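A short worksheet on the structure shown next.
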4 protein chains.
Amino acid sequence: MQCTENKPRWERRKEARPHELLAAALDLFVERGFASTRLEDVARRAGVSKGTLYLYFENKEELFKAVVRNSIVPVLGDAEDSIAGFDGHSAELMRSVMKSWWARIGDTKASGIVKLVMAEAGNFPELAQFYQDEVVTRGTRLIRSLLERGIERAEFRPVDVVQATQVMVAPMLTLITWKHSVAPCDRGELNPAAFLDTFLDMALYGLLPAAGAARP
Amino acid sequence: MQCTENKPRWERRKEARPHELLAAALDLFVERGFASTRLEDVARRAGVSKGTLYLYFENKEELFKAVVRNSIVPVLGDAEDSIAGFDGHSAELMRSVMKSWWARIGDTKASGIVKLVMAEAGNFPELAQFYQDEVVTRGTRLIRSLLERGIERAEFRPVDVVQATQVMVAPMLTLITWKHSVAPCDRGELNPAAFLDTFLDMALYGLLPAAGAARP
Amino acid sequence: MQCTENKPRWERRKEARPHELLAAALDLFVERGFASTRLEDVARRAGVSKGTLYLYFENKEELFKAVVRNSIVPVLGDAEDSIAGFDGHSAELMRSVMKSWWARIGDTKASGIVKLVMAEAGNFPELAQFYQDEVVTRGTRLIRSLLERGIERAEFRPVDVVQATQVMVAPMLTLITWKHSVAPCDRGELNPAAFLDTFLDMALYGLLPAAGAARP
Amino acid sequence: MQCTENKPRWERRKEARPHELLAAALDLFVERGFASTRLEDVARRAGVSKGTLYLYFENKEELFKAVVRNSIVPVLGDAEDSIAGFDGHSAELMRSVMKSWWARIGDTKASGIVKLVMAEAGNFPELAQFYQDEVVTRGTRLIRSLLERGIERAEFRPVDVVQATQVMVAPMLTLITWKHSVAPCDRGELNPAAFLDTFLDMALYGLLPAAGAARP
DNA sequence: CATGAATGAGTTTTCATTCAT
DNA sequence: TATGAATGAAAACTCATTCAT
């Protein structure tokens with residue numbers, strides 16, 4: 001828990017700087033992509049000068065990493081914690097984890113970062129590696145361990161967890177693609193929450209052990 | 001059948017040039033995206049100099065449009081023709097159209113163009129407009145008219161065609177996202193052909209009129 | 001009086017920069033013309049790098065406009081003021097205005113800008129429009145109003161002011177042509193000041209009311 | 001006198017080529033200036049390919065020289081001849097020479113070449129030198145020798161011929177400046193023929209020997 | 001800590017000139 | 001002769017990064 005209340009305002013300001021910069025950077029990276037975002041614009045939107053930005057972040061790539069660490073990674077951490085401290089049925093846990101993902105990333109500006117990585121990672125290998133290590137691998141492991149928990153506890157059928165992980169990830173990517181690539185052009189109606197619910201109903205039902213299993 | 005044998009070599013060359021350039025441009029646009037592709041590299045890959053490229057294409061955007069017209073648009077044209085000249089069951093037609101899309105775009109370098117547009121259209125409004133006009137609108141109309149054909153001929157249930165069109169498009173986007181954004185990092189196994197087959201089985205079955213309908 | 005003494009050096013520098021750049025640009029535009037002047041050379045002559053120039057001027061055309069606003073326009077403003085605040089004979093005023101033009105433009109590097117516009121305006125329509133609006137129209141109005149003042153006060157004959165304006169402008173163009181196009185090649189002697197004096201003697205005498213008029 | 005009538009058409013065509021190219025070049029040089037004229041446009045306007053142009057002219061500068069030799073120099077030659085073969089009063093000769101200049105250059109596209117040289121010679125030293133040698137020097141000598149003829153024959157006062165030469169040249173430059181730099185912008189009325197007549201009346205009258213001289 | 005002036009490498013585009021056919 | 005495809009040097013403009021104050 002952060003505690004800044006008993007410091008003079010200018011000092012709180014100083015502590016706030018990085019967050020203001022990260023917020024500005026998130027906005028612009030999502031709006032324009034990585035390559036097309038100019039650091040000067042980030043600085044201006046945060047109300048500081050270009051030079052100041054370099055006091056907090058070594059360069060553009062580090063700024064981007066900080067944005068990811070700020071907007072995506074904590075969600076993973078929380079999810080890991082919630083798994084560790086959960087006692088109920090694995091299907092319920094899976095549903096909770098994915099709804100949380102939707103609430104905190106999919107339905108949020110952070111989803112733009114996921115889209116950005118899909119779009120531009122190829123041009124920035126270091127970024128791709130970073131994202132792979134800190135997000136993809138960790139997220140995949142999270143889903144896989146959740147599936148394994150279900151299988152171990154006999155709440156899920158003993159499916160191929162590698163395949164099943166991808167099945168669970170696919171609708172997330174679909175929703176992000178829809179939101180950032182299709183929706184801006186095509187005014188078609190897609191209700192993301194309903195889509196996700198439907199998917200979860202189908203997928204989790206499909207994971208249940210064959211007969212007489214309790215519906216979560 | 002083209003007959004170029006009795007022309008002087010440099011004239012054959014001139015006819016080949018645009019195709020060599022388009023091939024090189026397709027490669028590089030797919031590899032690096034629109035903004036990050038340097039025209040000099042396109043020229044070099046085609047074995048010519050920078051200036052030569054400008055003999056055939058007015059500028060970078062026109063080169064890109066030409067690539068799209070060369071790799072994507074003809075597939076749409078052929079699909080339209082195949083619909084016009086088809087007599088059988090609409091489900092069969094839909095299956096054929098989507099398999100053809102997979103064979104000629106999804107499973108091809110051309111799919112990289114689709115991904116590129118999803119990734120970068122936001123930064124190049126003129127390109128976005130062009131793609132919307134020449135590909136998206138036309139492709140959507142194609143799927144919709146196919147659905148309408150099925151409904152008119154009582155081969156499909158009278159579904160909401162706008163929604164159903166999106167349902168049919170979704171797996172194509174998913175496959176492309178997987179191929180260009182997930183697969184390069186994650187060595188997870190996704191069998192696109194199997195995925196598409198499964199989807200078609202499910203979706204087309206779902207479109208059939210309720211009872212006693214003939215299965216295509 | 002400007003007071004820059006108690007500012008840090010780089011801040012004084014910043015104030016000086018635009019003037020140094022404008023001076024360098026004036027030099028090179030006059031030497032080489034608009035199209036043939038390279039911005040890199042302008043920057044180098046001002047002792048800065050190419051990029052710095054773009055901190056102060058948006059592009060080549062804006063730099064040129066700034067040069068005109070800096071070297072030509074103020075002279076027009078001063079002339080307008082001097083007319084407004086003058087009580088004497090219009091012939092004297094006309095003589096003063098034209099001598100001032102000679103001192104501040106004709107006999108100055110600024111005259112090169114006038115020559116440049118005559119030479120290149122055809123190739124840069126936006127520049128031509130700008131010059132027409134900010135210099136030609138305003139200068140012509142100035143001469144015309146001066147003639148009208150003389151006629152109203154019965155110090156000049158009631159001549160056709162449109163024609164007379166052109167008559168007054170002609171020798172200015174002649175001098176500039178001579179200076180920039182003839183003199184550099186032909187070592188012929190033309191004394192511009194004498195030429196202008198002679199012209200003014202003749203023209204102003206010719207403008208006086210017929211009989212018994214006081215000679216200014 | 002050129003005689004091409006008894007040759008086959010294609011051969012006449014071959015001989016016509018250079019003239020068609022020169023005509024196209026004259027048009028474009030006058031319209032756009034030297035630097036901004038593209039050889040491809042010249043070739044296209046003449047109905048040939050770019051390569052062909054290089055069969056007849058070594059490069060852009062040589063093409064320009066040929067244009068000058070074709071449009072300006074012959075007028076000088078004719079004027080020299082007319083002087084050599086003239087018996088009458090020098091004032092009449094001068095008037096005839098200058099009217100001829102107006103008819104064949106000043107009032108002609110060729111005047112655009114004079115303007116072009118005034119505007120761009122500074123950027124193309126070799127061109128400047130060429131024009132100086134083949135036009136300026138020769139033209140100046142022509143006027144000077146005409147003045148000297150008048151003085152020798154006591155038809156003119158013994159004026160300073162160097163100065164007087166410039167006086168005679170000035171209105172030619174003025175007319176060209178007006179035509180190419182002022183008229184396109186300013187819809188002011190200047191009647192060039194009248195201007196020239198008036199000038200000649202004044203200047204030639206001023207050159208006559210003091211008393212009792214015959215008016216030409 | 002904060003500033004913002006300065007830098008210069010990198011990219012698109014143009015066009016005179018060459019040369020194989 | 002005639003063609004026109006090909007070349008590559010040159011110039012405008014952008015922006016991540018540095019550093020003196």
Side-chain angles (χ1 to χ4, degrees), chain A residues 10-11 13-14 17 35-44 47-61 63, chain B residues 7-18 35-43 46-63, chain C residues 7-18 35-43 46-63, chain D residues 10-11 13-14 17 35-44 47-61 63:
Chain A
W10 64 265
E11 210 166 329
R13 183 116 201 118
K14 198 154 57 183
R17 268 294 134 71
S36 298
T37 291
R38 287 173 315 177
L39 292 191
E40 179 149 26
D41 290 344
V42 173
R44 183 163 31 245
V48 301
S49 76
K50 224 184 336 177
T52 301
L53 204 157
Y54 278 86
L55 293 176
Y56 294 96
F57 306 98
E58 216 170 298
N59 55 35
K60 203 182 186 180
E61 298 213 334
L63 173 63
Chain B
K7 295 186 178 173
R9 195 171 340 161
W10 62 267
E11 205 165 336
R12 288 217 302 282
R13 200 98 201 132
K14 164 167 162 100
E15 274 170 22
R17 268 294 127 71
S36 299
T37 292
R38 287 175 319 178
L39 293 189
E40 182 150 24
D41 290 344
V42 173
V48 301
S49 77
K50 218 176 356 170
T52 302
L53 205 157
Y54 281 88
L55 293 177
Y56 297 94
F57 306 98
E58 220 168 288
N59 54 38
K60 201 181 186 181
E61 297 215 333
E62 289 305 318
L63 173 62
Chain C
K7 294 185 179 174
R9 196 172 339 161
W10 63 266
E11 207 165 334
R12 290 216 302 281
R13 202 98 200 132
K14 165 169 160 103
E15 274 169 22
R17 269 293 127 73
S36 299
T37 292
R38 286 176 320 179
L39 292 191
E40 184 152 22
D41 290 344
V42 173
V48 300
S49 77
K50 214 178 358 170
T52 300
L53 205 158
Y54 282 89
L55 294 177
Y56 297 95
F57 306 98
E58 220 169 288
N59 55 38
K60 202 180 186 180
E61 297 215 334
E62 289 304 319
L63 173 63
Chain D
W10 63 266
E11 209 165 334
R13 184 118 199 114
K14 198 156 56 183
R17 268 295 134 71
S36 298
T37 291
R38 286 174 317 177
L39 291 190
E40 179 149 26
D41 290 343
V42 173
R44 183 162 32 243
V48 301
S49 76
K50 223 181 342 174
T52 302
L53 203 157
Y54 278 85
L55 294 175
Y56 294 96
F57 306 98
E58 215 170 299
N59 54 37
K60 202 181 186 182
E61 298 214 333
L63 173 63

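Model, not experiment: these values are computed from the prediction. Naming: A, B, ... by sequence-line order, numbering from 1 per chain.
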Rounded to the Å, how far apart are [X] [atom1] and [N] [atom2]?
X: D41(C); N: dA11(F); atom1: CG; atom2: P; result: 8 Å
X: R38(B); N: dG10(E); atom1: CZ; atom2: P; result: 9 Å
X: L53(B); N: dT14(E); atom1: CG; atom2: P; result: 12 Å
X: E40(B); N: dA9(F); atom1: CD; atom2: C1'; result: 12 Å
X: L63(D); N: dC15(E); atom1: CG; atom2: P; result: 16 Å
X: F57(C); N: dA5(E); atom1: CZ; atom2: P; result: 13 Å
X: R44(D); N: dG4(F); atom1: CZ; atom2: P; result: 11 Å
X: N59(A); N: dT18(F); atom1: CG; atom2: C1'; result: 13 Å

Which dot-bracket string describes DNA chain E (Watson-Crick N1-N3 plus N6-O4 or O6-N4, or G-U N1-O2 and O6-N3, all under 3.5 Å; [ ] crossing; | other strand)? .||||||||||||||||||||
Counting C-beta onward and ignoring hydrogens, is there a side-chain heavy-atom pair between K60(A) and L63(A) closer than 4.5 Å?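 When only atoms from C-beta onward are counted, L63(A) and K60(A) do not touch, as no gap falls below 4.5 Å.
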Separation between OG of S49(A) and CD of E40(A), rounded to the nearest 0.5 Å: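 Atom-to-atom, S49(A):OG and E40(A):CD are 9.5 Å apart.
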I need the D41(D) CG to K50(D) NZ distance, nearest 0.5 Å. 10.0 Å
Under 4.0 Å from OP1 or OP2 of [N]: is there any side-chain N or O of [X] that close?
X: S49(D); N: dA2(F); value: no
X: Y54(A); N: dA2(E); value: no
X: T52(B); N: dA5(F); value: no
X: K50(C); N: dG8(E); value: no

More 5' along DNA chain E: A35(B) or L39(D), using each one's nearest nucleotide? A35(B)
Among dA16(E), dC1(E), dT1(F), the one nearest Y56(A) by side-chain distance: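 Closest nucleotide among those given: dC1(E).
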Against the side chain of L55(B), the closest entry in dT12(E), dT7(F), dA2(E) is dT7(F)
Here's a test of your reading of the structure: between T37(C) and G51(B), which maps to the more 5' nucleotide of DNA chain F? G51(B)
Step through the shown structure and confirm whether more than 12 heavy atoms of other residues, nucleotides or ligands are within 6.0 Å of CD on E58(C). no
What is the nucleic acid contact for S36(B), judged by heavy atoms within less than 4.0 Å: base, sugar-phosphate only, or nothing?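 Nothing: the residue S36(B), judged by heavy atoms under 4.0 Å, touches no strand.
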Check L55(C), N59(C), L53(C) against F57(C) for a side chain to side chain contact (heavy atoms under 4.5 Å, CB included) and give me the one that passes. L53(C)
